[in-house]
Amino acid sequence: MPELPDVESFKTYFKESSLDKVIADVQCSCKDLIRNINFKDLRHKLTGKSFRDAWRRGKFLICEIKDIPEKLIFHFGMTGDLHYVKQNTEEDRFARLVIKFENEYELRLLSIRKLAKIYLVKDPEEIKLIKEMGPEPLTISKKDFSKILDEHQRKNIKAFLLDQRNIAGIGNVYSDEILFKAKINPHKNIETVGLEQREKLYKSVKTVLREAVDCNMYFDSSWLIVHRGRDMRCPLNKNHKLKKEIIAGRSCYFCPSCQKYENH
DNA sequence: GGTAATGTTAGACT
DNA sequence: TAGTCTAACATTAC
């Protein structure tokens, strides 16, 4: 589930497992996933090197390599994961890229649906989506957030949250969670969201993402995420039933009672 | 066996 | 021009 909190945990995992280890070889069973470079060059560039550091931008994981300016960048698509395991153990059919280290371990990029992307670039801004990406939600100021809202008055609020060019890292699941927590109906346009709700939205963006990162995605039943597509009960009132509708082209779960269109 | 799926993007449409 | 909608990508899980 690679939205901001998920990629944040991939970053931690990557840093704990894969820094400062010499790369012995690189394998790729799905070369279409590699952008901006061909596999042969990627393999050549990485072999003998090691990772120095890693950081996150939106839903991208950016891995810095010792001694060269190029960075290995992952985007996880809809179904991505990282596994650091001992070589030759438990073959994984969804491992699309495998980085083998000299210590007998390897890092596997899994991508069931093959929607992940791999880049090797000197400057992350060579990737169009990163270049155009909006600010990081965990650090954006209220003033900047408000300004970006103002620039998209006519836009649907869920579509706004999903668009990486407005704010980075929010995807379908967390946009629902954020709107639920702010008690905003997902059908609303930004111009119909009142001052009080805008305030709540700003806080909700921060707390939802911050808490998801902090709890390492161990969600208790106060989260919408636990009920969506399952028991469909509202976390705030078990007599309320969640509704599923397609909004902004995606499956959207919300509580019509708590998130009334008339709220302001 | 039909359907939906945590992302992104291009192109058509209003 | 701006925003919305749909399909496509490729594949699995239920």
Side-chain angles (χ1 to χ4, degrees), chain A residues 1-11 13 28-36 56-61 73-82 91-97 109-119 124 126-134 137 148-180 186-193 205 208-209 212-213 215-219 223-232 242-254:
Chain A
M1 9 168 142
E3 298 181 37
L4 183 150
D6 313 280
V7 180
E8 193 66 24
S9 92
F10 293 156
K11 180 192 81 181
Y13 183 78
C28 183
S29 64
C30 195
K31 303 192 172 57
D32 295 347
L33 305 189
I34 305 174
R35 307 297 164 109
N36 293 40
R56 182 191 57 73
R57 177 76 173 102
K59 299 172 187 172
F60 290 84
L61 177 64
I73 302 186
F74 296 123
H75 189 288
F76 296 89
M78 290 234 244
T79 55
D81 206 353
L82 291 178
E91 187 84 10
D92 198 326
R93 54 197 277 251
F94 303 131
R96 312 300 185 187
L97 184 79
L109 170 70
L110 314 189
S111 178
I112 296 175
R113 288 173 64 187
K114 296 188 181 175
L115 293 173
K117 289 184 178 67
I118 301 156
Y119 307 81
E126 288 172 46
I127 299 165
K128 186 165 168 276
L129 188 50
I130 293 184
K131 189 180 171 62
E132 297 177 351
M133 193 170 277
I148 298 169
L149 276 179
D150 288 340
E151 288 165 1
H152 299 85
Q153 290 290 331
R154 296 289 172 88
K155 232 184 167 189
N156 167 269
I157 186 69
K158 184 173 168 74
F160 169 83
L161 291 172
L162 287 173
D163 192 332
Q164 303 298 298
R165 293 169 300 184
N166 301 329
I167 308 169
I170 300 170
N172 197 33
V173 169
Y174 288 100
S175 63
D176 284 357
E177 196 75 46
I178 287 164
L179 291 173
F180 175 74
H187 287 291
K188 284 197 135 190
N189 278 2
I190 288 171
E191 60 192 344
T192 71
V193 175
V205 165
V208 163
L209 297 173
V213 171
C215 75
N216 210 10
M217 288 148 301
Y218 276 97
F219 303 112
W223 291 76
L224 187 76
I225 201 172
V226 171
H227 306 275
R228 55 176 285 153
R230 300 207 161 127
D231 64 17
M232 294 298 267
L242 299 181
K243 195 169 182 188
K244 177 190 174 186
E245 281 184 70
I246 304 296
I247 302 174
R250 310 295 301 278
S251 298
C252 176
Y253 294 82
F254 66 106

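These figures come from a predicted structure and were not determined experimentally. Naming: A, B, ... by sequence-line order, numbering from 1 per chain. Because only heavy atoms are used, hydrogens play no part in the values below, and waters and symmetry mates are left out as well, while side chains stay in.
- Distance A/Arg113 CZ to C/dA10 P: 11 Å, rounded to the nearest Å.
- Between A/Leu4 and A/Tyr174, the closest side-chain pair of non-hydrogen atoms is not below 4.5 Å.
- Under a 3.5 Å cut-off, the side chain of A/Asp176 and the backbone N or O of A/Tyr253 do form a donor-acceptor pair.
- When the side-chain nitrogen and oxygen atoms of A/Gln164 are compared with OP1 and OP2 of B/dG7, none of them lie within a distance under 4.0 Å.
- When distances run from any side-chain atom of A/Ser251 to the nucleotides C/dT12, B/dA4, B/dG7, the shortest one goes to B/dA4.
- If you take CG of A/Asp92 and P of C/dT12, they are 12 Å apart, rounded to a whole angstrom.
- Atom CZ of A/Arg230 and atom C1' of B/dA5 are 13 Å apart (whole Å).
- Secondary structure note: stems in DNA chain B built from 3 or more consecutive Watson-Crick or G-U wobble pairs under 3.5 Å occupy B:2-5 with C:11-14, B:7-14 with C:2-9.
- No donor-acceptor pair under 3.5 Å is formed between the side chain of A/Glu132 and the backbone N or O of A/Arg165.
- Listed pair A/His152 / C/dG3 fails the phosphate criterion, with no side-chain N or O lying under 4.0 Å from OP1 or OP2.
- Ring orientation note: the planes of A/His187 and A/Phe254 are nearly perpendicular, at an angle over 60° on the 30°/60° scale.
- Applying the side chain to side chain contact (heavy atoms under 4.5 Å, CB included) rule to A/Asp81 yields the partners A/Phe10, A/His83, A/Leu110; only residues at least two apart in sequence or on another chain are considered.
- We find that NZ of A/Lys114 is positioned 17 Å from C1' of B/dG7, with the value rounded to whole Å.
- Every salt bridge (charged side-chain N to carboxylate O under 4.0 Å, His left out) that A/Lys243 has, sequence neighbours left out, goes to A/Glu245.
- For A/Ile112 and C/dA13, the CD1 to P distance is 6 Å, given to the nearest whole Å.
- Position along DNA chain B of the nearest nucleotide to A/Lys117 versus A/Lys128 favours A/Lys117 as the more 5'-ward residue.
- Protein atom CG of A/Asp163 is 11 Å distant from nucleotide atom C1' of B/dT9, rounded to whole Å.
- Comparing B/dT9, B/dG7, B/dA5 by their closest approach to the side chain of A/Leu129 singles out B/dT9.
- In this model, the phosphate group of B/dT8 is approached by a side-chain N or O of A/Lys59 to a distance below 4.0 Å at OP1 or OP2.
- The CD1-P distance, from A/Ile130 to B/dT9, rounds to 11 Å in whole Å.
- For A/Glu3 and B/dT8, the CD to P distance is 9 Å, given to the nearest whole Å.
- Between A/Arg250 and C/dC5 there is no side-chain N or O to OP1 or OP2 distance below 4.0 Å.
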